[in-house]
Amino acid sequence: NLVRQVKLGNLSNSPDIFGPNIMTLPITRDKAAIRPTLRLAMIFAVSVPVSAIFLAILGAQWLSALVFPAMCLVFLAADLSMIIPIKSLTMEINGPDRILLGQKSDLVISIQTLAQTIKPTIIEMALEADGPAEPEATRAQSSLKSGETIIELPITPKRRGLLNLKKVWFRYSGPLGLCRLVGTYKINKQISCLPNTHGLHQSALMFFNRTTESGQKSLPFFGQGSEFDSLMDFARGMDNRFIDWKHSARHRKLLAKEFRQERNHQIVLGFDTGRLMTEPIDGLPKIDHFIRAGLLLAWVSLLGGDMVGASGFDLVFRSFLRPGRGQGFFNKIQHFTSQLNYRTEETNFTVGLAELAGRLPHRSLIIIFTEFIDTITASFLIEGLSLLAKKHMIIFVTMPDPLLTHLRDDKPETIDDLAAAVVAEGFQRDRAIVLEKVARLGAFCVDLPPRAMGPAILNRYLLIKQRGLL
């Protein structure tokens with residue numbers, strides 16, 4: 001019942017859009033061995049000099065000196081007879097089928113035994129796994145006389161990818177603490193570490209509530225690229241540009257055009273997966289912060305009826321997901337972003353952006369998530385963006401380096417601190433020049449920390465749709 005309560009609690013409290021499913025992992029017993037403990041070694045080490053002293057004193061009665069080592073062996077045999085046998089243990093492991101990046105999840109292990117012990121047994125368990133997560137060893141003390149105990153092994157992934165669960169190590173000692181049983185259970189299960197979508201639907205609802213006007217009448221959205229819907233009487237406060245002069249002259253009263261906002265726009269998320277994107281910010285690589293912001297935009301865009309796609313590039317153009325529509329398509333976007341690898345190659349903007357432009361025959365809104373540190377690399381980036389800006393609308397997203405901001409704004413105390421502040425100011429000045437050149441191409445630039453990045457991108461997206469720039 002306790003395992004079932006844990007499973008229901010994880011499902012009900014999951015804030016993810018697509019919450020992880022708790023499932024029972026298949027396990028098989030691997031091996032077990034009995035080993036002496038440090039307590040037995042210390043007792044035996046003390047008995048040796050004591051026996052030597054008694055041997056020197058007693059002389060001919062030297063056999064009496066062997067009483068102390070013999071007592072150690074007797075107590076060891078007694079401890080072996082009282083230890084819980086491995087055959088009486090039954091384990092069941094319940095865990096999620098996927099884990100969100102940076103979010104703690106637990107493997108719930110249920111241990112049952114029919115053996116009886118004279119005192120509570122201390123059980124230590126640890127998980128052996130390969131992948132982006134670092135499992136923590138958990139030491140739990142419980143009484144196996146009751147027949148069942150629950151142990152939780154926490155897992156917190158630091159990167160995206162597949163987490164290969166190999167074995168569960170466990171060990172416990174006998175009642176006297178002279179011997180210890182060490183064993184393993186094989187799991188052979190893979191768990192997907194996906195981008196963190198925690199709270200995306202709350203953020204989307206906040207934007208929808210903020211941009212929705214309350215009232216009985218529908219709010220028309222005007223824009224140059226909007227679709228004509230109907231004519232309405234011109235009222236004071238309306239834009240004079242939307243007056244239809246021909247129909248106004250025919251009906252002898254001012255009439256204005258009412259527009260309906262177009263849908264089915266193509267939104268493409270372009271992720272740079274090069275070396276600079278692996279730099280950690282707030283405990284996570286930059287690309288993971290970008291993926292979270294991109295998933296928030298994808299969720300809102302799909303709810304609004306637009307089509308969303310994604311791509312990844314670094315030294316070469318790696319992958320491309322054709323734009324699709326519907327809330328169910330968010331699963332594919334989340335799976336696509338989870339497979340964007342962390343790479344150490346430098347990004348070739350000329351190849352990546354040119355290939356992306358060739359795959360988009362229709363005008364689209366392209367969100368480029370990238371990073372740069374020098375003006376030489378930025379020159380190739382601007383050249384590639386100028387090719388995209390001729391046909392598409394661009395939102396250029398970067399993230400400022402908190403170290404440069406700290407070095408520039410911190411009060412210098414030594415000559416080295418002053419030199420570091422001057423260098424940081426130079427980098428910041430070059431960065432501002434590059435962002436200004438990108439803005440002159442007609443792109444919207446977003447250069448904000450991770451927490452403010454997602455809302456800023458949504459604001460640009462809603463502003464573009466409101467103005468009808470697509």
Side-chain angles (χ1 to χ4, degrees), residues 25 27-93 106-130 134-155 164-188:
L25 305 180
I27 60 173
T28 55
R29 185 182 302 161
D30 186 16
K31 58 182 178 180
I34 296 179
R35 301 175 182 176
T37 60
L38 181 61
R39 178 183 299 181
L40 176 63
M42 294 178 62
I43 294 176
F44 191 80
V46 172
S47 67
V48 171
V50 173
S51 300
I53 294 174
F54 273 85
L55 180 61
I57 296 175
L58 297 178
Q61 301 178 354
W62 59 272
L63 292 177
S64 301
L66 301 178
V67 173
F68 296 101
M71 291 179 59
C72 293
L73 296 178
V74 171
F75 283 115
L76 175 60
D79 200 18
L80 285 174
S81 63
M82 292 184 292
I83 196 172
I84 299 176
I86 185 65
K87 295 181 179 180
S88 64
L89 292 180
T90 303
M91 288 192 184
E92 180 180 347
I93 302 180
D106 295 325
L107 287 181
V108 182
I109 302 178
S110 173
I111 307 174
Q112 297 180 356
T113 180
L114 300 177
Q116 299 293 327
T117 58
I118 62 176
K119 68 179 223 178
T121 301
I122 297 177
I123 299 180
E124 295 176 290
M125 305 198 72
L127 178 66
E128 181 182 348
D130 290 337
E134 298 178 357
E136 306 171 7
T138 299
R139 184 176 183 269
Q141 180 177 355
S142 59
S143 176
L144 293 181
K145 292 189 297 184
S146 59
E148 183 178 10
T149 184
I150 300 296
I151 297 179
E152 294 183 353
L153 296 178
I155 302 176
N164 299 316
L165 303 182
K166 292 185 175 181
K167 297 179 181 179
V168 173
W169 290 80
F170 67 94
R171 64 181 183 181
Y172 56 89
S173 303
L176 302 180
L178 301 180
C179 62
R180 176 178 296 155
L181 193 147
V182 181
T184 59
Y185 276 85
K186 287 185 178 180
I187 302 180
N188 295 328

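The first residue of the sequence shown is numbered 1, and numbering continues consecutively from there. Bear in mind that the values here come from a model prediction, so they are computed numbers and not experimental data. Scope of the values below: all heavy atoms of this structure, side chains included, with no hydrogens, waters or symmetry mates.
- With sequence neighbours excluded, the residues satisfying side chain to side chain contact (heavy atoms under 4.5 Å, CB included) with F44 are S47, V48, P69, C72.
- Contacts of L181 classified as side chain to side chain contact (heavy atoms under 4.5 Å, CB included), with partners at least two apart in sequence or in another chain: A32, I34, I83, I86, F170, Y172.
- Contact annotation: the side chain of I187 approaches that of L127 to within less than 4.5 Å [non-hydrogen atoms, C-beta and beyond].
- At least one side-chain heavy atom of M125 sits under 4.5 Å from a side-chain heavy atom of I111.
- No more than 12 heavy-atom neighbours from other residues, nucleotides or ligands sit within 6.0 angstrom of NZ on K166.
- Note that CZ of R171 is 14.0 Å distant from OG1 of T184, once rounded to the nearest 0.5 Å.
- Residues Y185 and L89 approach most closely at OH-O, 3.9 Å, considering heavy atoms.
- Of the inter-residue distances, the one linking E92 atom CD with T90 atom OG1 reads 10.0 Å to the nearest 0.5 angstrom.
- The nearest pair of heavy atoms linking S173 to R180 is OG-NE, 3.5 Å.
- Proximity of L165 to I93: side-chain heavy atoms (C-beta onward) are nowhere separated by under 4.5 Å.
- Although no hydrogens or angles enter the test, the distance criterion places a donor-acceptor pair under 3.5 Å between the side chain of T37 and the main chain of L178.
- Taking all atoms of both residues into account, the shortest heavy-atom contact from I109 to M91 is CG2-SD, 4.4 Å.
- Residues L40 and D79 form no side-chain contact, since every pair of their non-hydrogen atoms from C-beta on lies 4.5 Å or further apart.
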